[in-house]
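A short worksheet on the structure shown next.
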Amino acid sequence: MGIMANITIDVSTTPVSYSPSPDVKHGDTVVFTLGTALNATATVSFPHGTCLTTSGPYTLGGATMATTPLTVALTAARGVYSFDVDFNNGQESQARRGHEWDRKNGGIDVTGDPPQEARR
């Protein structure tokens, strides 16, 4: 097994930003964060299935500026897992005009095949 990476996804930026990249391997951890958007709230969901062991959706805002580290499942198939972000930038005046939520999306790219089970 290689070194496990920690990927941080900042949903406050447009487009969503990844550190160090959107590429993950099995067993890596992913953290969704609001970054510097202190008054914002966001909900992250995986509409077509997730590669993570906790399915979500994940809600950020208030005391929760970032998710706990979410683990990429060892059974996740290779490929891109797209996610949607409903982002509220905390501006009430906009909310009254009906432009409260920004929809963004991104994806996590699982770059390896699932580890093979050891044959006995």
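Here the structure is a predicted model, which means the values were calculated and not measured.
Rounding to the nearest 0.5 Å places OG of Ser12 at 11.0 Å from CG of Asp102. Taken to the nearest 0.5 Å, the CG atom of Leu60 stands 8.5 Å off from the CZ atom of Phe32. Between Asp84 atom CG and Asp86 atom CG the span is 7.0 Å, to the nearest 0.5 Å. Distance check, rounded to the nearest 0.5 Å: NZ of Lys25 to OG1 of Thr111 gives 3.5 Å.
For Asn6, the side-chain contact (heavy atoms from CB on, under 4.5 Å) test picks out Thr29, with sequence neighbours left out. For the side-chain contact (heavy atoms from CB on, under 4.5 Å) test, residues two or more places apart in sequence or in another chain that qualify with Val80 are Asp109. Applying the salt bridge (Lys or Arg N to Asp or Glu O under 4.0 Å) rule to Asp10 yields no partners; only residues at least two apart in sequence or on another chain are considered. Remark: Ala77 engages Tyr81 in a side-chain contact (heavy atoms from CB on, under 4.5 Å) (not counting sequence neighbours).
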(request) Test side chain to side chain contact (heavy atoms under 4.5 Å, CB included) on Val11 and Thr33 and set out the steps. (result) CA-CA 6 Å; Val11 300; Thr33 176; over 6 Å; no

(message) Checking Thr75 against His26 for the side chain to side chain contact (heavy atoms under 4.5 Å, CB included) test, could you report, in this order, the C-alpha distance in whole Å, the side-chain angles of both residues, the deciding distance, and whether it holds?
(response) CA-CA 8 Å; Thr75 53; His26 300 94; over 6 Å; no

(request) Under the side chain to side chain contact (heavy atoms under 4.5 Å, CB included) rule, what do Phe83 and Ile108 come out as? Steps first, then yes or no, please. (result) CA-CA 8 Å; Phe83 59 85; Ile108 301 173; 4.0 Å; yes

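Taking each heavy atom of Ser82 and Phe46 in turn, the nearest pair found is O-CD2, 3.4 Å. Counting all heavy atoms, side chain and backbone alike, Pro69 lies closest to Val31 at CA-CG2, 3.7 Å. Between Leu74 and Pro114, the shortest heavy-atom contact is O-CB, 3.4 Å.
The list of salt bridge (Lys or Arg N to Asp or Glu O under 4.0 Å) pairs with a residue in residues 37-60, not counting sequence neighbours, is empty. The stretch residues 40-60 participates, sequence neighbours left out, in no side chain to side chain donor-acceptor pair (under 3.5 Å) pair at all. Residue pairs satisfying the side chain to side chain donor-acceptor pair (under 3.5 Å) criterion with at least one member in residues 14-23, sequence neighbours excluded, are listed as follows: Thr13-Ser17, Thr14-Lys104. Listed by first then second residue, pairs satisfying salt bridge (Lys or Arg N to Asp or Glu O under 4.0 Å) with a partner in residues 40-63 number zero, not counting sequence neighbours. Applying the salt bridge (Lys or Arg N to Asp or Glu O under 4.0 Å) test to residues at least two apart or on different chains, the pairs with a partner in residues 56-82 are Arg78-Asp113. Listed by first and then second residue, the salt bridge (Lys or Arg N to Asp or Glu O under 4.0 Å) pairs involving residues 55-76 amount to none (not counting sequence neighbours).
At distances below 3.5 Å, at least one donor-acceptor pair connects side-chain atoms of Asp28 with backbone N or O atoms of Ala5.
Taking the side chain as every heavy atom from C-beta outward, Val85 and Asn105 never approach each other to under 4.5 Å. The shortest side-chain heavy-atom distance between Leu52 and Val30 falls under the 4.5 Å cut-off.
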